[in-house]
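First up is the structure itself, then whatever we jot down about it.
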Amino acid sequence: MMRAILILLVILAGGYGIALLWPGPEPVSHPWLDGRTVERAERIAHAGGLRRAPANTLAALEQALADGADVLEVDTQLTSDGVLVLMHDDTVDRTTNGTGLVAELTLEQVTRLNAAFGYEGEDPDRFIRHGITVPTLAESLAAHRDVRWIVEIKPDTEEAARVMCDTIREAGMESRALVGSFHDSAMAHFREFCPEVATGMASNEALSFYVMARLGLAKFHPTPAIAMQLPPRANGLEVIHPRLVAAAHARGIAVQVWTINDPGEMEALIARGVDGIITDRIDVMAAVQGE
């Protein structure tokens, strides 16, 4: 019995050694990556920069760019009449003066709401007085066509994935938008509809990549993603591990961390070699980087 176990261990060790030496796939490439700022970690405005202006609004996008954002990150929900709007929650209750599910409201109903109502950042009264509204994804992309975006599909539906594809194509932003989602199903649908548009990893995809990276086997992980958006820690585990960063970079995959607002944590993650930090405070990250 012991002899059989030893033979099995030798076979497994030999197989693992061969796997480590096996050549990996060619690094990924995409126009979205070509536009990166490579001399420093990129500054990615979370929800458009939600600590400086109401989240997912045109005001937030403009403020983030003024503060030095490299990439605009936004969340999208689908209205009952099939239009993607910038909104994190599936209801309008928390961030506007309205109530109800976005999926049960028309575009007209959503755009009548005050999107500064739930804002708790700097000078909220100023934004409430100005009547900040909920923008559509289409008008947001049109307002900043020269910027690179990360756009998240919040609903886990095929329709939301299809409308996302149509909206990006109609805006001519196939090379400037990277689409993300926590939902593996929504991501699979989007990749089927829009194979030319860059994507990040969905939740299970990122988890399996992390596990394989820690084992030294990430070269065998099948993914069309060109980036991964990750928290620094999850379930007590250090997610941004040196092996993960090295494995992602060997594949040409960008590592972007959310949501970091503390200057010291920004510095620590930059030292680990992450490619981007998703933050509510672009101005703070710019200061950390000496700009």
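Computed from a prediction, not measured in an experiment: that's the story for all the values here. Excluded from the calculations below are hydrogen atoms, water molecules and symmetry mates; all remaining heavy atoms, backbone and side chain alike, are included.
- Using modelled atom types, one finds a donor on one side chain and an acceptor on the other under 3.5 Å when comparing T79 with D81.
- Under the ring-ring contact (aromatic ring centres under 6.0 Å, His included) criterion, F127 pairs with Y119, sequence neighbours left out.
- Side-chain N or O atoms of Q256 include none that pairs as donor or acceptor with a backbone N or O of I277 at under 3.5 Å.
- Comment: R233 engages E265 in a salt bridge, judged by a side-chain N to carboxylate O separation of less than 4.0 angstrom.
- Remark: of the listed residues N261, T259, D262, N261 is the sole one forming a side chain to side chain donor-acceptor pair (under 3.5 Å) with T279.
- Heavy atoms only, all atoms of each residue included: S175 and H30 are closest at CA-CE1, 4.3 Å.
- Each of V28, T199, I253 was checked for a side chain to side chain contact (heavy atoms under 4.5 Å, CB included) with T223, and the lone residue meeting it is I253.
- The CE atom of M285 sits 11.0 Å away from the CD atom of E267 when rounded to the nearest 0.5 Å.
- One finds the CE atom of M164 at 10.0 Å from the SG atom of C194 (value rounded to the nearest 0.5 Å).
- By the rule that hydrophobic residues join a cluster once side-chain heavy atoms approach within less than 4.5 Å of another member, L61 and V284 end up as members of separate clusters.
- The minimum heavy-atom distance linking I240 with V245 is given by the pair CG2-CG2, 3.9 Å.
- A distance of 9.5 Å separates NE2 in H46 from CZ in R51, rounded to the nearest 0.5 Å.
- In terms of modelled atom types and a separation under 3.5 Å, the side chain of R148 and the main chain of V71 share no donor-acceptor contact.
- Side-chain contact, N114 with N97: no donor N or O sits under 3.5 Å from an acceptor N or O.
- Nearest heavy-atom pair across A254 and R36 is CB-NH1, 3.9 Å.
- Other residues, nucleotides and ligands contribute only 12 or fewer heavy atoms inside 6.0 Å of the CZ atom of F117.
- Hydrophobic clustering of Ile, Leu, Val, Met, Phe, Trp and Tyr side chains at less than 4.5 Å, counting indirect connections, keeps I282 apart from I270.
- Note: the hydrophobic cluster containing V147 also contains L137 (ILVMFWY, side chain heavy atoms under 4.5 Å, direct or indirect links).
- Judged by distance alone, with hydrogens and angles left aside, the side-chain atoms of S181 form a donor-acceptor pair with the main-chain N or O of I153 at under 3.5 Å.
- Between the side chain of H183 and the backbone N or O of S185 there is no donor-acceptor pair closer than 3.5 Å.
- Linking Ile, Leu, Val, Met, Phe, Trp and Tyr residues whenever their side-chain heavy atoms come within less than 4.5 Å places M173 and F190 in a single cluster.
- In this structure, Q77 contributes its side chain and H88 its backbone to a donor-acceptor pair below 3.5 Å.
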Residues V102, V92; criterion side chain to side chain contact (heavy atoms under 4.5 Å, CB included); working and verdict: CA-CA 6 Å; V102 179; V92 298; 3.8 Å; yes
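- When all heavy atoms of L86 and S140 are compared, the pair lying nearest together is CD1-OG, 3.4 Å.
- Looking only at distances, a side-chain donor or acceptor of R145 sits under 3.5 Å from a matching main-chain atom of A171.
- Residues I260 and P232 meet the side-chain proximity criterion, which asks for heavy atoms closer than 4.5 Å.
- A donor-acceptor pair is defined here as one N or O able to donate and one able to accept, closer than 3.5 Å; no such pair exists between the side chain of T111 and the backbone of V134.
- A salt bridge links R40 with D70: the closest approach of a Lys/Arg side-chain nitrogen to an acidic carboxylate oxygen falls below 4.0 angstrom.
- The shortest non-hydrogen separation linking M201 to A225 is CG-CB, 3.5 Å.
- Within the 3.5 Å criterion, the main-chain N or O of A64 finds no donor-acceptor partner in the side chain of R52.
- Remark: side-chain polar atoms of R176 are paired, donor with acceptor, to backbone N or O of D146 under 3.5 angstrom.
- Distance CG/L72 to CG/L141: 9.5 Å, rounded to 0.5 Å.
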Derivation and outcome, side chain to side chain contact (heavy atoms under 4.5 Å, CB included), residues L230 and L244: CA-CA 11 Å; L230 302 166; L244 172 84; 3.5 Å; yes
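- Taking every heavy atom of both residues into account, E152 and D75 meet most closely at OE1-OD1, 3.3 Å.
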Trace of the side chain to side chain contact (heavy atoms under 4.5 Å, CB included) decision for D275 with H249: CA-CA 9 Å; D275 301 282; H249 287 172; 2.7 Å; yes
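- To the nearest 0.5 angstrom, M266 atom CE is 10.0 Å from R43 atom CZ.
- Listed for the Q289 side chain is a donor-acceptor partner under 3.5 Å among the backbone atoms of A41.
- Taking OG1 of T57 as the reference point, atom CD1 of I132 lies at 6.0 Å (rounded to 0.5 Å).
- Note: W258 and F182 have perpendicular aromatic rings, judged against thresholds of 30 and 60 degrees for the angle between ring planes.
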From CA spacing to verdict: side chain to side chain contact (heavy atoms under 4.5 Å, CB included), Q229, E73: CA-CA 11 Å; Q229 295 87 37; E73 187 270 348; over 6 Å; no
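- I44 and W149 fall into different hydrophobic clusters, where Ile, Leu, Val, Met, Phe, Trp and Tyr residues are linked whenever their side-chain heavy atoms come under 4.5 Å apart, directly or through other members.
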